[in-house]
Q: 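Here it is, the structure, as structure tokens.
Labels below follow one simple rule: chain letters A, B, ... track the order of the sequence lines, proteins then strands, and each chain is numbered from 1. As a basis for the values below, the full set of heavy atoms in this structure was taken, side chains included, without hydrogen atoms, waters or symmetry mates.
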There are 2 protein chains.
Amino acid sequence: MTQKFISPRGSGRGPTLKDIAKTLGVSRATVSRALRGVGRMSPALRERILRTSSEMGYKVNYAARALRSRRSNLLGVLVQEHSHYQIGDLLEGIQDEAQKNDYSVLIGTIRHDEDMEIRQIQSMIDKHVDGLLVSPTGTPRGLQLLMDLQRDNIHCVSVLEDLAPGRMSSVSVDELLGGFIATQHLFELNHRHILFFGGYLEDEYFDSRRYVGYCRAHDIYGVAVNPDYRIKCGYTVEEGRRVLLDCIARGLEFSAVFTICDMTAAGAIKGLRDAGLRVPEHVSVVGFDGSNLVSSLFDPELTSVSQTLRIIGQEAFRLVHRKIESKSYDPESIVLSPQLHIGKTTALRKSPL
Amino acid sequence: MTQKFISPRGSGRGPTLKDIAKTLGVSRATVSRALRGVGRMSPALRERILRTSSEMGYKVNYAARALRSRRSNLLGVLVQEHSHYQIGDLLEGIQDEAQKNDYSVLIGTIRHDEDMEIRQIQSMIDKHVDGLLVSPTGTPRGLQLLMDLQRDNIHCVSVLEDLAPGRMSSVSVDELLGGFIATQHLFELNHRHILFFGGYLEDEYFDSRRYVGYCRAHDIYGVAVNPDYRIKCGYTVEEGRRVLLDCIARGLEFSAVFTICDMTAAGAIKGLRDAGLRVPEHVSVVGFDGSNLVSSLFDPELTSVSQTLRIIGQEAFRLVHRKIESKSYDPESIVLSPQLHIGKTTALRKSPL
DNA sequence: TTGTAGGCGTTATCAC
DNA sequence: GTGATAACGCCTACAA
């Protein structure tokens with residue numbers, strides 16, 4: 001433990017390639033190659049260089065490297081909001097992998113604002129990120145900008161949704177399957193009138209795909225889809241509650257609800273309670289996310305389609321990293337399968353409906 | 001809108017200082033000065049340079065700047081876990097300010113692991129961050145390393161706790177006051193037997209300070225502190241529940257509980273319910289954090305000592321930024337006052353106790 | 001397999 | 001006030 005820890009900057013600057021080269025009586029280029037493990041060289045020399053570098057406490061100067069090599073070892077990540085209840089898992093997955101590969105992660109928040117989206121993308125470009133991971137974004141302008149990115153050598157991967165199938169790489173969840181297994185589960189419990197709480201925008205990504213799964217399950221079980229059961233709803237607890245109460249007020253008849261996220265599911269359950277209905281005795285509810293946070297805070301434990309965001313984050317980093325290393329811009333899509341987590345909010349239908 | 005957006009890298013590289021200088025027939029140095037707003041120069045020329053730069057779509061090359069100036073415009077932030085239910089707010093506060101000041105933020109997660117803490121600090125140093133914000137950390141080794149940082153021109157600010165009073169800058173919450181107002185509130189509701197659910201470690205920061213506030217309130221209301229009421233407890237829902245049930249099993253008598261965080265409070269309430277007690281009819285509960293997430297998911301709405309993490313984040317960035325700009329290493333501490341948010345988990349004592 | 005040389009884009013230090 | 005010039009530390013050709 002005689003290494004010089006701490007340092008590279010300040011008055012007592014750390015050693016540079018030159019210092020190591022001088023110490024060893026070799027050239028800077030050789031040291032550089034040894035350190036990066038590129039080119040062919042005698043293992044003995046490489047070993048010697050590595051040891052000496054470490055002993056002298058050598059630390060790469062990323063600024064110099066970036067300046068010269070035009071690679072920043074910076075990865076940009078764009079998310080809607082940092083304080084979203086699930087985003088931490090995704091970011092941890094990304095960061096873990098990034099760290100292993102000596103990448104730093106820059107995070108930008110969009111806040112559901114189109115101008116902000118453009119500014120953030122531009123800001124990532126300005127900072128010379130090697131790659132960009134974008135999670136739920138999706139304005140046409142933003143998408144266009146993202147598509148242009150590869151002209152600037154920035155590798156872009158869409159995370160959670162497959163933003164531009166065949167034109168941009170992505171790591172996403174099989175939403176159709178998610179919609180299907182949730183609905184199937186309810187059918188197996190003998191439910192036939194299932195509300196679908198989707199997004200609030202037109203043609204919302206998760207909404208539309210899961211709805212296809214929802215419909216497919218209906219087909220398979222020989223039940224006609226009632227279009228009135230497809231309800232617009234925001235992604236918050238309060239929205240879930242409000243919308244559910246509204247359904248009751250409108251006289252919709254149902255014995256189960258499938259919601260777009262766990263927060264909405266929690267809200268729906270609150271609404272049901274407010275209306276004097278019990279879950280799952282009177283109505284079954286299935287959420288989407290499988291959030292640990294929700295499951296530890298909310299009673300009863302939700303039945304939910306669960307996606308492991310940490311893994312999605314890891315896969316996303318690996319994918320963009322592979323793209324960067326291989327300098328390949330061929331779109332590549334990874335689709336992960338969600339799983340049904342059965343909690344205490346679904347049960348065999350007992351109501352007459 | 002004829003500017004060249006997108007660019008700095010890739011084949012079609014963006015313009016450099018040199019290009020602007022050439023276009024304007026001035027020297028690179030002058031352009032550089034104009035852009036940074038340093039040194040004295042004729043306003044007319046500065047104006048001309050600024051306009052031309054923007055028209056040509058000039059973008060700073062941070063790598064080059066960092067290499068030459070020994071300032072990276074990078075800020076490191078160390079947190080225990082990214083997926084903590086409150087951390088997003090803190091990070092958003094930091095990022096917002098950082099963005100305004102052209103700083104990028106690097107986030108490292110410690111995961112309650114001492115070696116990891118050291119590695120992360122070292123990693124931030126390696127990346128030449130100009131400053132470091134550390135939120136709840138606290139191993140002696142880590143602290144020592146942080147104290148050494150300023151020898152390397154890295155400005156360090158402790159966030160949420162005042163890690164080394166008088167020796168390191170900090171932005172924190174008046175924990176004593178927090179403990180006081182929570183307890184005072186309960187006294188005002190006529191409670192006299194108040195459990196204090198603290199941390200699980202010896203000499204835990206939040207625990208000890210809030211306990212002082214708790215004791216002070218007892219003094220003022222002329223009630224003796226019962227040391228048995230100080231209970232060790234982790235920061236999770238499950239811990240809160242387990243510990244509360246344990247208290248009941250041990251025959252402790254109380255009419256109120258003050259917990260170290262909202263998660264614990266939620267857990268304690270679950271435990272009370274499991275024991276057949278109602279909140280707030282039988283027992284009042286006060287949490288700490290004022291988390292929106294908890295309040296939207298958990299019923300009933302918690303009474304809680306609330307701290308605005310977003311503001312703390314903003315203040316923390318401003319402080320470290322000021323330190324960086326002024327090159328001052330004098331420790332400076334900012335203390336913010338928490339506020340009591342009164343929800344539906346506290347009520348006038350009705351129980352005989 | 002290894003060395004030499006030049007420059008990436010910027011800023012700091014002098015001059016003028 | 002403004003300009004010339006020399007680094008900053010590294011990587012990439014190309015030469016040996």
Side-chain angles (χ1 to χ4, degrees), chain A residues 7-50 53 56-73 102 126-128 130 153 327, chain B residues 7-49 53 56-74 102 126-128 130 153 327:
Chain A
S7 212
R9 61 191 346 272
S11 42
R13 280 193 257 316
T16 70
L17 280 189
K18 205 161 131 189
D19 300 322
I20 312 231
K22 208 181 302 173
T23 308
L24 256 49
V26 298
S27 78
R28 287 176 295 166
T30 307
V31 179
S32 170
R33 282 189 286 253
L35 255 22
R36 281 175 302 145
V38 302
R40 271 185 294 282
M41 68 192 314
S42 76
L45 179 54
R46 162 160 297 155
E47 163 61 24
R48 217 150 61 85
I49 292 177
L50 257 30
S53 302
M56 294 177 66
Y58 170 78
K59 292 288 157 53
V60 199
N61 183 324
Y62 291 93
R65 173 178 284 182
L67 178 58
R68 183 59 237 234
S69 69
R70 304 193 165 282
R71 266 190 53 179
S72 62
N73 274 38
D102 203 25
D126 295 347
K127 283 166 184 163
H128 294 238
D130 293 333
N153 287 352
K327 298 192 167 70
Chain B
S7 209
R9 59 192 348 272
S11 42
R13 279 193 258 318
T16 70
L17 279 190
K18 205 161 131 187
D19 299 322
I20 314 240
K22 209 181 299 173
T23 307
L24 256 50
V26 299
S27 76
R28 287 176 293 167
T30 306
V31 178
S32 171
R33 280 189 289 253
L35 255 20
R36 283 176 300 147
V38 302
R40 271 184 295 281
M41 69 192 313
S42 76
L45 178 52
R46 162 159 299 154
E47 163 61 24
R48 217 150 60 86
I49 293 177
S53 303
M56 294 177 68
Y58 169 79
K59 293 288 157 56
V60 199
N61 182 325
Y62 290 94
R65 171 179 283 182
L67 177 58
R68 181 63 237 223
S69 69
R70 304 190 162 284
R71 266 190 54 178
S72 61
N73 273 37
L74 245 35
D102 203 23
D126 295 348
K127 283 165 184 162
H128 295 237
D130 293 333
N153 286 354
K327 299 192 167 70

Q: Using modelled atom types only, decide if a donor and an acceptor are shared between the side chain of A:Asp130 and the backbone of A:Asn73 within a distance under 3.5 Å.
A: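 Answer holds: yes.
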Q: Can you give one letter per nucleotide of nucleotides 10-16 of chain C, going 5' to 3': B for a protein heavy atom under 4.0 Å from the base, S for sugar-phosphate only, - for none?
A: BBBB---
Q: I'd like a table of donor-acceptor pairs (distance under 3.5 Å, sequence neighbours excluded) in which one partner is a side-chain atom from residues 19-26 of chain A, with atom names and distances.
A:
from    : atom 1 : to      : atom 2 : distance (Å)
A:Asp19 : OD2    : A:Thr16 : N      : 2.8
A:Thr23 : OG1    : A:Asp19 : O      : 2.7

Q: Where the side chain of B:Ser69 meets the backbone of B:Arg65, is there a donor-acceptor pair that is under 3.5 Å apart?
A: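 Yes, the answer is positive, given that a donor and an acceptor are paired below the 3.5 Å cut-off.
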Q: Please enumerate all residues that pass side-chain contact (heavy atoms from CB on, under 4.5 Å) together with A:Ala63, with sequence neighbours excluded.
A: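 In terms of side-chain contact (heavy atoms from CB on, under 4.5 Å), with neighbours along the sequence ignored, A:Ala63 is linked to A:Asn61, B:Ala66, B:Leu67.
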Q: What is the distance, to the nearest angstrom, from the CZ atom on A:Arg71 to the P atom on D:dC10?
A: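 Nearest whole value for this atom pair: 17 Å.
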Q: Ignoring hydrogens and angles, write down the donor-acceptor pairs under 3.5 Å from the side chains of residues 39-50 of chain A, residues two or more places apart or on other chains.
A:
from    : atom 1 : to      : atom 2 : distance (Å)
A:Ser42 : OG     : A:Leu45 : N      : 3.2
A:Arg46 : NH2    : A:Val38 : O      : 3.4

Q: Could you state the atom-to-atom distance from CG of B:Asp19 to P of C:dG9 in whole Å?
A: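 Roughly 8 Å, once rounded to whole Å.
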Q: Nearest whole angstrom, please: distance from the P of D:dG9 to the CG of B:Asp126.
A: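 Checked: the CG to P distance equals 15 Å.
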Q: Specify the angle, to 10°, made by the local axes at the two ends of the helix from C:dT1-D:dA16 to C:dC16-D:dG1 when five pairs are taken at each end.
A: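 Axis angle across the helix from C:dT1-D:dA16 to C:dC16-D:dG1, nearest 10°: 30°.
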Q: What's the spacing between A:His128 NE2 and A:Arg71 CZ if we round to 0.5 Å?
A: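 The distance works out to 15.0 Å.
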Q: Between B:Arg46 and B:Leu67, which has a closest nucleotide on DNA chain D that is more 5'?
A: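 Nearest-nucleotide comparison on DNA chain D picks B:Arg46.
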Q: According to side chain to side chain donor-acceptor pair (under 3.5 Å), who are the partners of A:Thr30, at least two apart in sequence or on a separate chain?
A: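 For A:Thr30, the residues satisfying side chain to side chain donor-acceptor pair (under 3.5 Å) (neighbours in sequence not counted) are A:Ser27.
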Q: Think B:Arg40 has a side-chain N or O under 4.0 angstrom from the OP1 or OP2 of D:dT2?
A: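 No, no such contact exists.
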Q: When you check the phosphate oxygens OP1 and OP2 of C:dT2, does a side-chain N or O of A:Ser42 lie under 4.0 Å from one of them?
A: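 For C:dT2, OP1 or OP2 has a side-chain N or O of A:Ser42 closer than 4.0 Å.
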Q: For residues A:Tyr58 and A:Leu35, report the shortest heavy-atom separation together with the two atoms involved.
A: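 Taking A:Tyr58 first and A:Leu35 second, the nearest heavy atoms are CE2-CD2, 3.5 Å.
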